[in-house]
Amino acid sequence: MGALSRPEEVVALVKLRVAAGQIKRQIPPEEHWGFAYSMLQKVSRSFALVIQQLGPELRNAVCIFYLVLRALDTVEDDTSIPTEVKVPILQDFYRHIYNRDWHYSCGTNNYKVLMDKFHHVSTAFLELGEGYQKAIEEITRRMGAGMAKFICKEVETVDDYEEYCHYVAGLVGYGLSRLFYAAGTEDLAPDSLSNSMGLFLQKTNIIRDYLEDINEIPKSRMFWPREIWSKYADKLEDFKYVENSEKAVQCLNDLVTNALIHAEDCLQYMSALKDHAIFCFCAIPQIMAIGTCALCYNNVNVFRGVVKMRRGLTARVIDETNSMSDVYTAFYEFSLLLESKIDDNDPNAALTRKRVDSIKQTCRSSGLLKSRGYHLDKSPYKHILLMIVLLVVAIIFGVLYTK
């Protein structure tokens, strides 16, 4: 209900709901492609929406690329698999994608279904063009090797953190850039910028998912680097406890500040994109990342439960992201929101301000800023307005479904 209490978000929510319904009706009839696109919706509804921005051929390649890496990630994340079993699977995964009969049962819920029926993904992969296949194979090989390395190694230093994030996300940036190039729609982006596109998203997720990861059963797997968190606590799990809230938030702010260093690379990468569909596909997750950083910054609730952008704001981002002007505006406004939360007593306040100022300056110097009025806080509107909004939604849905 809270997501509907801002009038400016209502239309975007309705459009998002209609788009989700259209996706379900557009699932391909072939069994393996039907499985791929149905599974994509189940393991990542947001990605399933964003991927629709792409043309059919590239969309198929990116869909399979995502599912292959999601399957690889499922093996890595399953803490019940013995190391001596897990490591060879990760290292050889790039070979398994060529085998229509291969599958490995692990994971839970929809991820288990993905692994049990992985032959559908392999079948679809083998129908892709050779350029797409080679790009997916290369990234899967390198990512599997990197994941295997960190199964046997903790994230101790900031350099370890950078390396791990490169393996699991920077390489995704590499792979997508190669797929865009193979499609003939984009120049091949510099690896450094592709890497930052992945690292900004990954670091944001690692920060946000502290509580979920620390409570993982049968054992936790954490990626916050010891070099950072050990400045604030003796044990990483100490941040869960209320009595350690001040130090927990200081550590959180340190990590958000670390993530912000990638923002300007991301802006540079997106500004070079030529294809509108690819641009929207890339831009929406990056705006979500800067918004999530602003939401998580100085927010003790990261250690208490799930912290994420509300659905209405997410819907606005998806609906309103069409140009670099929109991207610069979103990065600028979310940077302002983060800046407003900086506590001068925070140990990293000066560095955080420096990085936020740099992002804001890049956005201002583009000359493309406009006003969106993004807000992360709860709506100030009263219940009577909510009733009016719901009535408008009902009318809009009535019109849409009678056409």
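What you see is a predicted model; the values in this text were computed from it and never measured.
Between His96 and Phe93, the ring-plane angle classifies as perpendicular under the 30° and 60° cut-offs.
Between Asp265 and Ser192, the shortest heavy-atom distance links the atoms OD2-O, 4.2 Å. Shortest non-hydrogen contact noted between Ala233 and Phe239 is CB-CE2, 3.5 Å. What you find for Tyr174 and Asp191 is that their closest heavy atoms are CE1-O, 3.2 Å. What you find for Val249 and Phe303 is that their closest heavy atoms are N-CE1, 4.0 Å. The nearest pair of heavy atoms linking Ser323 to Lys370 is OG-NZ, 4.4 Å. Of all heavy-atom pairs between Cys251 and Ile228, the closest is SG-CG2, 4.2 Å.
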Output, in order, the C-alpha distance, side-chain angles, deciding distance and verdict of salt bridge (Lys or Arg N to Asp or Glu O under 4.0 Å) for Asp160 and Arg226.
-> CA-CA 10 Å; Asp160 290 340; Arg226 181 184 294 271; over 6 Å; no
Take Val121 and Ile97, measure what side-chain contact (heavy atoms from CB on, under 4.5 Å) needs, and give me the verdict at the end.
-> CA-CA 8 Å; Val121 178; Ile97 60 178; over 6 Å; no
Checking side-chain contact (heavy atoms from CB on, under 4.5 Å) for the pair Leu273/Met324: CA distance, chi angles, key distance, verdict?
-> CA-CA 10 Å; Leu273 293 172; Met324 273 308 296; over 6 Å; no
Would you sort out whether Arg355 and Thr257 count as a side-chain contact (heavy atoms from CB on, under 4.5 Å), showing the intermediate values?
-> CA-CA 7 Å; Arg355 290 191 177 162; Thr257 302; 3.8 Å; yes
In sequence, state the C-alpha distance, the side-chain angles, and the governing distance for Arg208 and Val302, and then conclude on side-chain contact (heavy atoms from CB on, under 4.5 Å).
-> CA-CA 6 Å; Arg208 182 197 61 197; Val302 170; 6.0 Å; no
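Remark: side-chain polar atoms of Thr157 are not paired, donor with acceptor, to backbone N or O of Glu227 under 3.5 angstrom. Judged by distance alone, with hydrogens and angles left aside, the side-chain atoms of Asp346 form no donor-acceptor pair with the main-chain N or O of Asp343 at under 3.5 Å. Listed for the Lys341 side chain is a donor-acceptor partner under 3.5 Å among the backbone atoms of Leu295. Distance alone, capped at 3.5 Å, places no donor-acceptor pair between the Asp275 side chain and the Thr185 backbone. Thr292 places a side-chain N or O within donor-acceptor distance of the main-chain N or O of Met288, the cut-off being under 3.5 Å. The closest donor-acceptor contact from the side chain of Asp326 to the backbone of Asn322 lies under 3.5 Å. Gln133 places a side-chain N or O within donor-acceptor distance of the main-chain N or O of Leu126, the cut-off being under 3.5 Å.
Within the 4.5 Å cutoff, the side chain of Tyr210 has heavy atoms near those of the Lys240 side chain. A 4.5 Å side-chain heavy-atom check between Gln202 and Tyr167 finds every atom pair outside the cut-off. Counting heavy atoms from C-beta on, the side chains of Leu260 and Ile290 come closer than 4.5 Å. No side-chain heavy atom of Val155 sits less than 4.5 Å from a side-chain heavy atom of Trp224. The shortest distance between side-chain heavy atoms of Gln286 and Phe331 falls below 4.5 Å. Contact annotation: the side chain of Asn348 never approaches that of Asn253 to less than 4.5 Å [non-hydrogen atoms, C-beta and beyond]. At a threshold of 4.5 Å between non-hydrogen side-chain atoms, the residues Leu199 and Ile261 do not count as touching. A 4.5 Å side-chain heavy-atom check between Ser358 and Glu264 finds at least one atom pair inside the cut-off.
No more than 12 heavy-atom neighbours from other residues, nucleotides or ligands sit within 6.0 angstrom of CD on Glu31. More than 12 heavy-atom neighbours from other residues, nucleotides or ligands sit within 6.0 angstrom of CD on Glu237. No more than 12 heavy atoms of other residues, nucleotides or ligands shown are found within 6.0 angstrom of CD on Glu130. Annotation: Asp116, atom CG; neighbour count of heavy atoms from other residues, nucleotides and ligands within 6.0 Å is above 12. By the neighbour-count criterion of 12 heavy atoms within 6.0 Å, atom CZ of Phe150 is densely surrounded, having more than that number from other residues, nucleotides or ligands. Around CG of Asn215, the count of heavy atoms belonging to other residues, nucleotides or ligands within 6.0 Å exceeds 12. The local environment of CD in Glu127 is crowded, with over 12 non-hydrogen atoms from other residues, nucleotides or ligands closer than 6.0 Å. Within 6.0 Å of NE2 on His103 lie no more than 12 heavy atoms contributed by other residues, nucleotides or ligands.
Between the CE atom of Met39 and the CG atom of Leu67 there is a distance of 8.0 Å, given to the nearest 0.5 Å. Interatomic distance, CD1 of Ile287 versus CD1 of Ile318, reported as 10.5 Å (0.5 Å rounding). Considering CG of Asp357 and OG of Ser335, their distance stands at 9.5 Å, rounded to 0.5 Å. The structure places CD1 of Ile342 at 4.5 Å from CZ of Arg353, a figure rounded to the nearest 0.5 Å. Taking CG from Leu201 and SG from Cys165, the interatomic distance works out to 10.5 Å, rounded to the nearest 0.5 Å. To the nearest 0.5 Å, atom CD1 of residue Ile359 and atom CG of residue Leu338 are 8.0 Å apart.
Between Tyr132 and Phe125, the gap from one ring centroid to the other reaches at least 6.0 Å. Aromatic ring centroids of Phe35 and Phe118 lie 6.0 Å or more apart.
Under a 4.0 Å N-O distance rule, the pair Arg142/Glu138 qualifies as a salt bridge. Looking at Lys86 and Asp78, no side-chain N of the basic residue comes within less than 4.0 Å of a carboxylate O on the acidic one, giving no salt bridge. Checked for salt-bridge contact, Arg70 and Asp73 meet the test: a charged N lies under 4.0 Å from a carboxylate O.
Of the listed residues (Ser194, Ser196, Ser177), just one forms a side-chain hydrogen bond (donor to acceptor under 3.5 Å, both in side chains) with Tyr269, and that residue is Ser177.
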